[in-house]
Amino acid sequence: MTSQQPKGRPSAATLRDPEFDPDASYVLDQTLVRRLTRRLIASSDESTLVRSPATGRPLGVVPKSTTDDVEAAFARARHMAGLWAQTSFAERERCLLNLHDLIMDRREEILDLICWETGKARIHAFDEPLHVALTARYYARTLERHLAPKRKSGVVPILTQIEEHRIPKGVVGIISPWNYPFTMALADGIAALAAGNAVVSKPDHHTPLTALLGLELIEEAGFPKGLWLMVYGEGRKLGTPMIENADYICFTGSTATGKVIARQCAEQLIGCSLELGGKNPIIVLKDADLDRAAEGAVRAAFSNGGQLCVSTERLYVDESVYDAFVEKFVARTKAMRISAGINWGVDMGSLISKEQLEIVDDHVKDAVDKGARVLTGATTRPDLGPYFYEPTILEGVHDEMDVHQEETFGPVISVYPFASEAEAVALANEGDYGLNAAVYSRDGARARRIANQIKCGTVNINEAFGATFASIDAPMGGMRSSGMGRRQGAEGIHRYTEVQSVATQYLLRFGPFMGLTDQAYANVMAASLKALKALGRA
Ligand code: NAD
């Protein structure tokens with residue numbers, strides 16, 4: 001095994017380091033695995049042997065759920081939802097802030113598990129507890145602002161008083177992917193709990209243990225046992241019963257699966273938010289700080305091996321600074337430290353699976369066969385682990401190549417020169433996706449003007465993706481084939497509520513009053529409307 005292992009210390013008491021214990025068949029202490037999997041609602045005879053993609057070594061056996069388990073989970077969660085909806089904002093805030101502290105205190109344990117289960121570098125794993133803690137704190141501090149009844153303008157001044165109430169939907173189903181298994185399994189559910197709902201979630205089959213550790217923390221934070229339940233198994237099998245039993249579905253994953261889920265939710269007449277794929281562009285203008293842009297581009301293209309929804313796969317550079325920028329970008333990429341293991345000090349780890357490695361390799365081979373130039377990378381690294389691939393920069397990519405507009409979801413980026421601002425915007429808007437974009441420029445007003453013309457749900461200026469993703473007060477999500485709905489901010493919690501308008505009417509009735517004929521009533525009302533308009537009423 002060539003993986004970089006912790007030097008001189010096991011990273012956490014619960015983890016077993018194969019270098020120190022070469023006979024261990026499992027990387028993880030099996031008491032940890034049993035402790036975590038105990039929380040699953042899973043009665044099937046079938047199970048999955050989850051392996052670490054970084055080394056291929058087994059992590060643990062995880063039992064699978066049946067469709068009956070899904071129904072049972074929703075029934076239990078529905079009972080808890082009724083109780084939880086009655087809790088005060090202060091009680092929800094207390095649990096959310098406890099969760100924030102627990103995540104920060106137990107971050108090393110969380111990082112170990114994420115690294116083993118995904119093969120990603122520890123620095124990229126660190127984004128996950130950070131994001132979940134930020135989300136917990138944000139909704140703790142703002143849930144009253146988002147959810148408390150709001151006075152609205154009644155139709156008759158003073159005599160009609162109306163309030164907008166936010167009522168929890170009930171039980172929210174959450175289906176999440178493997179790439180950010182802690183944040184994608186937890187952050188959306190935290191907003192659902194804050195809004196007064198229960199949750200039934202299904203993590204991806206590659207990464208159940210990280211999600212289960214999250215569930216353990218949810219319960220330790222004080223959320224009632226049974227308020228959040230988890231099932232495990234193939235999405236194709238468990239997705240339909242989840243949708244049939246849920247009051248709302250929050251899905252994060254591929255655009256292809258998102259379309260299937262949207263159709264099934266439409267059939268049930270329930271809402272859904274869909275956080276889907278991307279082919280995200282960066283624009284580097286000629287007045288940009290090129291070092292800063294090169295640093296951002298490396299992080300954006302290669303964080304978690306490019307397996308990040310907001311990763312950059314297309315880089316457009318003003319032709320006057322193209323050569324200077326590309327030199328810096330390639331040099332930084334070549335200097336990256338690629339390794340397996342759970343230690344700090346690694347810039348890129350493994351891809352998740354053989355399938356993902358094959359997609360990456362096929363995209364690069366197809367591009368090279370059709371004339372693309374390789375500036376660095378373009379090779380697998382079996383010496384590091386079964387699914388390692390070099391960070392890869394391509395030039396000369398055109399629209400007959402798969403990598404041009406298809407999402408690779410791997411460490412591959414194509415660089416293109418542009419001649420004008422208008423051309424840069426047109427290139428950035430090519431294709432069907434619209435998730436995230438970035439603009440690098442020293443001229444903030446110009447960068448914001450360009451941002452407004454880009455059809456993406458988030459645009460970062462002088463940063464690749466972190467500024468929008470970590471700013472929880474602002475909504476985050478995709479336009480076009482990148483999704484529907486938004487996580488984070490007011491939208492991220494309001495999606496889990498039904499809006500109910502409650503009006504109290506004083507004195508005046510809606511119909512002829514005080515003996516007026518129908519026609520006289522109509523005349524009085526018409527005159528009243530004109531008077532209200534003259535008074536500037538909405
Ligand atoms: P995927 O769609 O194959 O799987 C995602 C989840 O959906 C998994 O839990 C899976 O079990 C489940 N699933 C699969 N088929 C299903 C079905 N028919 N019904 C119900 N559930 C089903 O996606 P993936 O390949 O695992 O994840 C990578 C994709 O996710 C990429 O396209 C990436 O861009 C996207 N993604 C988007 C965001 C975002 O916030 N926009 C974040 C992370 C990942």
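Every number for a ligand or one of its atoms is a count from 1 in the order of the listing.
- Contacts between I261 and ligand 1 below 4.0 angstrom, taking non-hydrogen atoms only, involve the side chain exclusively.
- Y180 carries K120 over the face of its six-membered ring, with the cationic atom under 6.0 Å from the centre and within 45° of the normal.
- If you number the atoms of ligand 1 from 1 as listed, the ones under 4.0 Å from a heavy atom of P177 come out as 27 (O), 43 (C), 44 (C).
- At least one side-chain heavy atom of Y248 sits under 4.5 Å from a side-chain heavy atom of S273.
- By the criterion of a heavy-atom distance under 4.0 Å, the side chain of I175, and not its backbone, is placed next to ligand 1.
- Around atom 4 (O) of ligand 1, the closest heavy atom drawn from N280, D204, T240 belongs to D204.
- Ranked by closest heavy atom to atom 17 (C) of ligand 1, the top entry among G239, G235, S273 is G235.
- Surrounding CZ of R141 are at most 12 heavy atoms belonging to other residues, nucleotides or ligands under 6.0 Å away.
- The N/O atoms of T257, backbone and side chain alike, include one that comes under 3.5 Å of an N/O atom in ligand 1.
- In summary, the atoms of ligand 1 found under 4.0 Å from a heavy atom of K202, numbered by their order in the structure, are 9 (O), 10 (C), 11 (O).
- Aromatic ring orientation, H146 versus H494: perpendicular (interplanar angle above 60°, classes split at 30° and 60°).
- Counting heavy atoms closer than 4.0 Å to ligand 1, residue Q307 contributes nothing at all.
- Residue contacts with ligand 1: E407 is included, with a non-hydrogen atom under 4.0 Å away.
- Within the 4.0 Å heavy-atom criterion, the part of F251 lying near ligand 1 is the side chain and not the backbone.
- Counting heavy atoms of neighbouring residues, nucleotides and ligands inside a 6.0 Å radius, atom CZ of R76 does not exceed 12 of them.
- Contacts of N179 with ligand 1, taken as heavy-atom pairs under 4.0 Å, involve the side chain alone.
- Of the heavy atoms in H205, none comes closer than 4.0 Å to ligand 1.
- Ligand 1 lies less than 4.0 angstrom from a heavy atom belonging to R487.
- The closest donor-acceptor contact from the side chain of D369 to the backbone of D366 lies at 3.5 Å or more, if one exists at all.
- Proximity of S482 to ligand 1, defined as any heavy-atom pair under 4.0 Å, is not found for any part of the residue.
- When all heavy atoms of I174 and M184 are compared, the pair lying nearest together is CG2-O, 4.4 Å.
- For S176, the closest heavy-atom approach to ligand 1 falls below 4.0 Å.
- What you find for T67 and K237 is that their closest heavy atoms are CG2-O, 4.0 Å.
- Neither the backbone nor the side chain of L238 comes within contact range of ligand 1; no heavy atom lies under 4.0 Å.
- Nearest protein heavy-atom neighbour of atom 28 (C) of ligand 1: F409 CE2, 3.6 Å.
- Here atom 30 (O) of ligand 1 lies nearest to G253 when heavy atoms of G253, G278, S311, G478 are compared.
- Less than 4.0 angstrom separates some heavy atom of G277 from each of these atoms of ligand 1: 32 (O), 34 (O).
- Residue, atom and distance of the protein heavy atom nearest to atom 1 (P) of ligand 1 are S254 OG, 3.6 Å.
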Starting from the C-alpha separation in whole Å, work towards a yes-or-no answer on side-chain contact (heavy atoms from CB on, under 4.5 Å) for R122 and V346. CA-CA 7 Å; R122 196 171 191 85; V346 173; over 6 Å; no

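- Ligand 1 has no nitrogen or oxygen under 3.5 angstrom from a nitrogen or oxygen of C309.
- Relative orientation of the H131 and F469 rings is parallel, given thresholds of 30° and 60° on the angle between their planes.
- Of the candidates D247, N245, V172, I243, I270 forms a side chain to side chain contact (heavy atoms under 4.5 Å, CB included) with just one, namely I243.
- Across L435 and L276, no two heavy atoms sit closer than the pair CD2-O, 3.9 Å.
- For ligand 1, the atoms closer than 4.0 angstrom to any heavy atom of W178 are 24 (P), 25 (O), 26 (O), 27 (O).
- Side-chain N or O atoms of N304 include none that pairs as donor or acceptor with a backbone N or O of G306 at under 3.5 Å.
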